[in-house]
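Below is one structure, written out as structure tokens; comments come after it.
None of these values were measured; they are calculated from a predicted model. Numbers restart at 1 for each chain; the letters A, B, ... are given by sequence-line order, proteins then strands.
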Amino acid sequence: MLKFCSFTAGTLDTINWTLLKKNHPQIGYKTNMSDQKRVFLVDAFALIFRGYYAFIKNPQINSKGLDTSAIMGFMNSLLDVIKREKPDHLAVCFDKGGSVDRVEMFEAYKANRDETPEAIKIAVPYIQEILKAMHIPIMVKAGFEADDVIGTLSKQAEKEGYKTFMVTPDKDFAQLVSDNIFMYKPRFGGGYDIWGVPEVQEKFGVTDPLQVIDFLGMMGDSADNIPGLPGVGEKTAKKFLTTYGTMENLLANTHELKGKMREKVEAAKDLGLLSKKLATIMLDVPVTFNAKDFELDQPDMPKVTELFNELEFRNLLKNFTKTFAIDTAEETGASKNGSEEKIKATPKKETLIPEGQFDLFAAPGTGSVSEEEIASGFKTISTTNHFYQHIDSPFARTLLLRNLMKQTAVCFDTETTGLKALEVELIGIAFSYETGKGYYVSFPEDQAETQRILEDFRPFFESEIEKIGHNLKYDIKVLSTYKMPVKGKLFDTMIAHYLINPDMRHNMDVLAETYLNYQPISIAELIGKKGKNQLSMRSVPLKEQTEYAVEDADITFQLKQLFTGELENGNVTKLFNDIELPLVSVLTAMEIEGINVNTDFLKELSVALTADIDRLEKSIYEQAGEEFNIASPKQLGIVLFEKMELVKKPKKTKTGQYATGEDILSYLAKEHDIIKDIQEYRQYKKLQSTYVDALPNEVNPKTGRIHTQYMQAVAATGRLSSNNPNLQNIPIRTARGREVRKAFVPRDENHVLLAADYSQIELRIIAALSEEENMINAFKNGEDIHASTAAKVFNVPLNEVTRDQRSNAKTVNFGIVYGVSAFGLSNQTDLSRSEAKELIDTYYETYPKLKAYMSAQVDFAREHGYVETVLNRRRYLKDINSRNAVVRNGAERNAVNAPIQGSAADIIKLAMINIQKRFEKEGFRSRMLLQVHDELVFDTHKDELEIIKPIIKYEMEHAFKMSVPLDVEVGIGENWLEAH
DNA sequence: CTAACGACATA
DNA sequence: GTATGTCGTTAGC
């Protein structure tokens, strides 16, 4: 068999040169400029870690629950190198047992690194298996780090006349760079940078790459725990290097330094020399560069295929086979270059649309795969044939509408001037109803004209045609400000994916990359990063607006086709169609409605709070004997525990600060009166900053009301969440906090606020699901469940239950829902650890079926990899079979909690949909305003009060039938607090 | 200017 | 022990 390296130099030159020019016009290198032989040494762990963290927000979990992120990341990088470079010599270097020498020198060396993530640990054996199958040599030397192995091999290869490329993102390697040794730094998402001597000189401000060692020694490296010189960072290190050249020279001339810096550096001379040693890559590892061993050979295709299949690396396998296929083709002379081969695989269609010509009926072409795609692994707009048309004349709009009306399903996506749906202006709407094809209708700044153009499309929006979108709630809200209703069935790809995998993120960019292997134009590229200097979409040229907007609609349209099947696979189609999609409309209506807030009242409240805060501040300063920032946990910790020495052994947080949380302070309250003041101060500060002062700023100037946003695809259990502002965490527990609720008032004097609460819904659900008769009967008899539990657990008559007993029973009842542990319970109550354990044991004896149910949930999760709610909403628990007990226990608590919290969420969502339906059917003037997990709040017209009250109660109590009755308490008042 | 952290508000 | 979101401080870019 021939090898990769058997191509003619000419062909390779051409390909690589084009790639390089495309990605790095500033770099003059090619990896194979001369006839010199090339060897690539790959730093395995660095690439594995990098790959793992690249996927951290979106871990790659295969159907067996294996986290393959690290393997995938590494293989992508490796394959990318092979594909680009066709190296003739290549080896992959691993660490084994860390560096014996360095640890001898400095005990803390790499000591404070976090525990290696599980996914990385399991990755190594897989990767080594794959490498073996690919016939790629693996270099490991026990007691040495990969750095040292690579360093030694590079220098040996250089002597033998090779050009060496060290494939690693780790800047430490810069010290090895020479005329024949280069760093080859893979970039995220494909591409790479090559650092030769000039690059190293520039990046580190050195004349000789060896000075990189001095540089690292001076500034230190927290990842490797190289201490460095105190007070010396990047800037100072560069300055020193320019002046002194080396660490030794600096240390010999410290008398030239000034002030504090001189003191610090002089005191740390030994540390400096040690740091330099630690940063030095060893060049005398007992390994030998034997060119023959490193020659790249043909992979064992069946074996690699088997491994990739096992890991479910479908795209990677395709990619791998493709790389390999080109090579054989070239060897046999069947094809001269890669792109020709690709074109054959996906022939171009005949339909060519002349630039600028208006053609609504054109079929999209199919693209060839370009070098850029090979580079990043993702398709992009420039590698994909597409037909995106800007629509800007009345005639074109007429034609577009005519075509839209012929469809059964159309995807649309609005472009606007910002993120607040109810305050933005419409800039454009993209439509797509066919893969690779779409249209962009743009709107002028003149709002009257915008309204007129939009009216052209009213027949479409009001039609029964299915509307596809990504986060449709946003688009519908924007259109509502132009009085344009959106009717017909909806399909929201964001919500579809939320049901397919609730633990993932659902931005369209991620979905496009994951499901379509396609990287969309990034919004940041178009209008800049958010925050400062971000441009409006209006400032983007229409041509680019069209490409960006229609691409989104096109992708969304394609995702819908895929997700229809995925929903079916997850058995959540019904949940999607019957609950989540109808809920989109309900939430849209609630958000548009908003709630009335008495800002004058809040202003008064703020004044009162300020007075109290000032008083407490003075008192605290006096008792502490100094002024400091009480809001800074860091400063507060020092005052309490170093200056005042309130306690012998203070608790520390994970970052080494003194812990000053509420639980610690309550415990300390008996030690000193200052604690009480601090607790009060904290409470009032929180109230003022988060609620009293913040809420008035959230009032929409047009409506005079507060419009929260409900996030429907965030909480992994199926709950909603609320933000901008969060109205699901308005205070209620403390007297002072409760005042804030008085600010939430009815829309006018003809209305009152109505609040309807499920009583103990989660406990009722767990009672019903577990079929625990003892608990079910207590609910059926309308007993106080916590008192009833106390009576049973402490074996006393119901009417003799003490307050403490009830309180402890209540804590256990809640704990059960969260997945109790004795440790957690004893923290929450004044019980000791063993008392807590005893209480839990008795509890399980009292309610034996509860225990059985919980175990059954865990078993189910272990077997199927997920748990589900009463409406089949799934939560996947990848860690349920983890060997790490802490991680596994966490997953087990989720297995118990998710179905309960999630079923409660399902039930209130059902109730909301049914209530909204009846409101619309009967034409009530009352409105549903807020949802707070187990509570709904309404603006109720006084005339409708008596009709609506029983309707709400009935719909909530009968939303879902269980063996336990649901109970809803309804309250009415002139503000939210009164309504409770 | 941004991100991480600690603290704390709710169900 | 579950699920969230927001604020002020602080460290790092």
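- By the side chain to side chain donor-acceptor pair (under 3.5 Å) test, Tyr681(A) is found to be paired with no residue, residues two or more places apart in sequence or in another chain being considered.
- Using a 4.0 Å cut-off on heavy atoms, the residues of residues 892-904 of chain A that approach DNA chain C are Arg893(A), Asn894(A), Asn897(A), Gln901(A), listed by number.
- Residue Thr717(A) is the one, among Thr717(A) and Asn723(A), whose nearest nucleotide of DNA chain C lies closer to the 5' end (criterion: closest heavy atom).
- Residue pairs meeting the ring-ring contact (aromatic ring centres under 6.0 Å, His included) criterion with at least one partner in residues 713-745 of chain A, sequence neighbours excluded, are Phe744(A)-Trp976(A).
- Side-chain contact of Glu838(A) with Ser834(A): a donor-acceptor pair under 3.5 Å is absent, judged by distance alone.
- Across all strands, Arg738(A) comes closer than 4.0 Å to no nucleic acid atom at all (heavy-atom distances).
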Which is it for Tyr847(A) and Thr789(A) under the side-chain hydrogen bond (donor to acceptor under 3.5 Å, both in side chains) test, yes or no, and what are the steps along the way?
CA-CA 9 Å; Tyr847(A) 298 129; Thr789(A) 301; 3.1 Å; yes
If you restrict it to nitrogen or oxygen atoms, what contacts under 3.5 Å exist between nucleotides 11-13 of chain C and the protein, and what is each distance?
from    : atom 1 : to        : atom 2 : distance (Å)
dA11(C) : OP1    : Lys634(A) : NZ     : 2.6

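- Checked against salt bridge (Lys or Arg N to Asp or Glu O under 4.0 Å), Arg741(A) has no partners two or more places apart in sequence or in another chain.
- For Tyr658(A), the ring pair (Phe, Tyr, Trp, His ring centres under 6.0 Å) criterion is met by Phe641(A), not counting sequence neighbours.
- Contacts between residues 725-733 of chain A and DNA chain B, defined by a heavy-atom separation below 4.0 Å, involve Gln728(A), Asn729(A), Ile730(A), Pro731(A), Ile732(A), Arg733(A), listed by number.
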Expected output check: what is the dot-bracket annotation of DNA chain C, where ( ) and [ ] are pairs inside the strand (brackets for crossing ones), | is paired with another strand, and pairs are Watson-Crick or G-U under 3.5 Å?
.|||||||||||.
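- By the ring pair (Phe, Tyr, Trp, His ring centres under 6.0 Å) test, Phe860(A) pairs with His864(A), Tyr866(A), sequence neighbours left out.
- Take Ala767(A) and apply the side chain to side chain contact (heavy atoms under 4.5 Å, CB included) test, not counting sequence neighbours, and it matches Met775(A), Ile776(A), Phe779(A), Val964(A).
- Residues forming a side chain to side chain contact (heavy atoms under 4.5 Å, CB included) with Ser759(A) (at least two apart in sequence, or on another chain): Arg764(A), Asp967(A), Glu969(A).
- Not a single side chain to side chain donor-acceptor pair (under 3.5 Å) links Arg738(A) to another residue, sequence neighbours left out.
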